[in-house]
S.K.: 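Quick one: this structure, given as structure tokens, is what I'll be asking you about.
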There are 2 protein chains.
Amino acid sequence: MKIGELSRRTGVSVRMLRYYEAEGLLAPQRTGSGYRDYGLPEEETVRRIKMLGAAGMTLETIQQLLPCVRNNDPEFTPCNNLRKILADQVSLIDERIETLSQSRTILASFLSSVN
Amino acid sequence: MKIGELSRRTGVSVRMLRYYEAEGLLAPQRTGSGYRDYGLPEEETVRRIKMLGAAGMTLETIQQLLPCVRNNDPEFTPCNNLRKILADQVSLIDERIETLSQSRTILASFLSSVN
DNA sequence: CTTGACCCTGACAGTGCTGTCAGACCTTAC
DNA sequence: GTAAGGTCTGACAGCACTGTCAGGGTCAAG
């Protein structure tokens, strides 16, 4: 399928589909005239990228993870540092949540001082 | 005092001090030769900006708030939409925390599926 | 064969800071 | 007067995308 259709089917903009490719996460076939030609495997990959992205991951991180992802349940094939990447990611999110919580506390105290 | 000293005293880089000014949050005097000349009030302002920034605020938001801030306890003078700005800010942070929490859940499920 | 819809590449814009560098002036002290 | 250190402005870079536009091919239908 061509890029427009894939975009419609996945909800990912054409721009981002091309960006995924530029970042090395996708490598669709090309037609004789240079059009990108995606198959179902690529569509699956896009869905995985989307899912991982929804988990707050950077494309760079996703790229490291992608080779390890085989199904979209998601299941993963044994990949050496897969667990580490995921665990690090969780830590990262925890840090951010912690920072935001502190900010919230500060803000709340400001708010209460305005009574 | 000159910018370097203020930077040392507040822990805010010279670069950022100039940036605050460019964004309209600070307006130090100038010496005859064009050097920025900060007084204690400016130093206080910088501390407030730092505090508000630590609460995750954008300089733009801080700028709206700044005229309302009088002390660094912090206390605020009655400013019309001060409460609204602060409340909006808290909502914003809550949204972000919510998003991160969802991401964490997704990630955690990935992680458990790799067992 | 023409029109419209789609695709291609490359590049610029914007976000919200933050660092760094260049080229030049000021200040202080020796 | 000269050297070191501080300051000035202006501009470019980077992050991690995401939109949009320009200029130009391609494809299918009528």
Side-chain angles (χ1 to χ4, degrees), chain A residues 1-39 42-43 46 49-66 85 88-89 92-93 95-96 99-100 103, chain B residues 1-39 42 46 48-66 85 88-89 92-93 95-96 99-100 103:
Chain A
M1 79 192 85
K2 283 180 291 185
I3 200 168
E5 190 185 344
L6 181 58
S7 174
R8 253 170 271 125
R9 290 166 64 117
T10 59
V12 175
S13 76
V14 167
R15 176 72 176 84
M16 289 314 294
L17 253 14
R18 290 199 267 244
Y19 185 60
Y20 290 171
E21 185 177 348
E23 295 299 301
L25 282 78
L26 221 45
Q29 303 285 322
R30 294 288 184 134
T31 67
S33 58
Y35 280 22
R36 271 165 262 256
D37 187 18
Y38 302 90
E42 278 80 19
E43 184 176 341
V46 172
I49 293 173
K50 208 182 165 185
M51 207 183 315
L52 263 11
M57 286 189 192
T58 279
L59 282 193
E60 196 184 345
T61 304
I62 295 177
Q63 190 183 9
Q64 297 179 289
L65 234 49
L66 226 38
I85 294 176
D88 285 354
Q89 205 62 27
L92 187 60
I93 288 182
E95 269 177 39
R96 290 188 186 152
T99 300
L100 284 177
S103 297
Chain B
M1 80 192 87
K2 283 181 289 185
I3 200 168
E5 190 184 344
L6 181 58
S7 173
R8 253 169 272 124
R9 292 166 62 116
T10 59
V12 174
S13 75
V14 168
R15 176 70 177 85
M16 289 315 294
L17 253 15
R18 291 200 265 244
Y19 185 59
Y20 290 171
E21 185 176 349
E23 296 298 302
L25 282 76
L26 223 43
Q29 303 284 322
R30 294 286 185 137
T31 68
S33 59
Y35 280 21
R36 272 164 260 256
D37 187 19
Y38 302 89
E42 278 78 21
V46 171
R48 281 180 214 129
I49 293 173
K50 209 182 165 185
M51 208 184 313
L52 262 10
M57 284 188 194
T58 279
L59 282 193
E60 196 186 343
T61 303
I62 295 176
Q63 189 183 8
Q64 297 180 288
L65 235 47
L66 226 38
I85 294 176
D88 286 354
Q89 206 63 25
L92 187 60
I93 289 183
E95 269 176 38
R96 289 186 186 153
T99 300
L100 285 177
S103 297

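Lettering of chains follows the sequences in order, A, B, ..., and the numbering in each one begins at 1.
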S.K.: Just how far is it from atom CD of Gln29(B) to atom CD of Glu42(B), taken to the nearest 0.5 Å?
M.R.: 7.0 Å
S.K.: Using side-chain contact (heavy atoms from CB on, under 4.5 Å), reason through Met57(B) and Gln89(B) one step at a time and then give a plain yes or no.
M.R.: CA-CA 8 Å; Met57(B) 284 188 194; Gln89(B) 206 63 25; 3.7 Å; yes
S.K.: Met57(B) has an atom CE; how far is it from atom C1' of dC17(C), in whole Å?
M.R.: 17 Å
S.K.: Take the protein atom CD1 of Ile3(B) and the nucleotide atom C1' of dC25(C), then report the distance between them rounded to whole Å.
M.R.: 16 Å
S.K.: CD of Gln63(A) to OG1 of Thr58(A): how many Å apart, nearest 0.5 Å?
M.R.: 11.5 Å
S.K.: Under the salt bridge (Lys or Arg N to Asp or Glu O under 4.0 Å) test, which residues partner Arg9(A), sequence neighbours left out?
M.R.: Glu5(A), Glu43(A)
S.K.: Under 4.0 Å, heavy atom to any atom of DNA chain D: which of residues 8-21 of chain A qualify?
M.R.: Ser13(A), Arg15(A), Met16(A), Tyr19(A)
S.K.: Quick one: does any side-chain atom of Ser7(B) pair with a main-chain N or O of Ile3(B) as donor and acceptor, under 3.5 Å?
M.R.: no
S.K.: Specify the residue among Lys2(B) and Gly4(A) whose closest nucleotide of DNA chain C lies further upstream toward the 5′ end.
M.R.: Gly4(A)
S.K.: Taking only residues two or more places apart in sequence, or in another chain, which ones meet Thr31(A) in a side chain to side chain donor-acceptor pair (under 3.5 Å)?
M.R.: Ser33(A)
S.K.: Return the value, rounded to whole Å, for the distance between atom CG of Leu52(B) and atom C1' of dG16(C).
M.R.: 16 Å
S.K.: Could you list by number each residue of residues 22-36 of chain B showing a heavy-atom separation from DNA chain D of less than 4.0 Å, or answer none if no residue does?
M.R.: Arg30(B), Gly34(B), Tyr35(B), Arg36(B)
S.K.: Work out how much the helix from dC1(C)-dG30(D) to dC30(C)-dG1(D) bends between its end axes, five pairs an end, to the nearest 10 degrees.
M.R.: 30°
S.K.: To the nearest Å, give me how far apart CD (Glu60(B)) and P (dG16(C)) are.
M.R.: 7 Å
S.K.: Can you tell me how far the OG1 atom of Thr61(A) sits from the CG atom of Leu92(A), to the nearest 0.5 Å?
M.R.: 8.0 Å
S.K.: For Thr10(B), is there any backbone N or O sitting under 3.5 Å from a side-chain donor or acceptor partner on Lys50(B)?
M.R.: yes
S.K.: Just verifying a value: how many Å separate Leu66(B) CG and Leu59(B) CG, rounded to the nearest 0.5 Å?
M.R.: 10.0 Å
S.K.: Could you tell me how far apart Gln63(A) (CD) and dC17(D) (C1') are, to the nearest whole angstrom?
M.R.: 15 Å
S.K.: Quick one: side chains of residues 15-22 of chain B, donor-acceptor pairs under 3.5 Å with protein atoms, not counting sequence neighbours, listed by atom name and distance.
M.R.:
| residue | atom | partner | partner atom | Å |
| --- | --- | --- | --- | --- |
| Glu21(B) | OE1 | Arg36(B) | NH1 | 2.7 |
| Glu21(B) | OE2 | Arg30(B) | NH2 | 3.1 |

S.K.: Not counting sequence neighbours, which residues clear salt bridge (Lys or Arg N to Asp or Glu O under 4.0 Å) with Asp88(B)? List them please.
M.R.: Lys84(B)
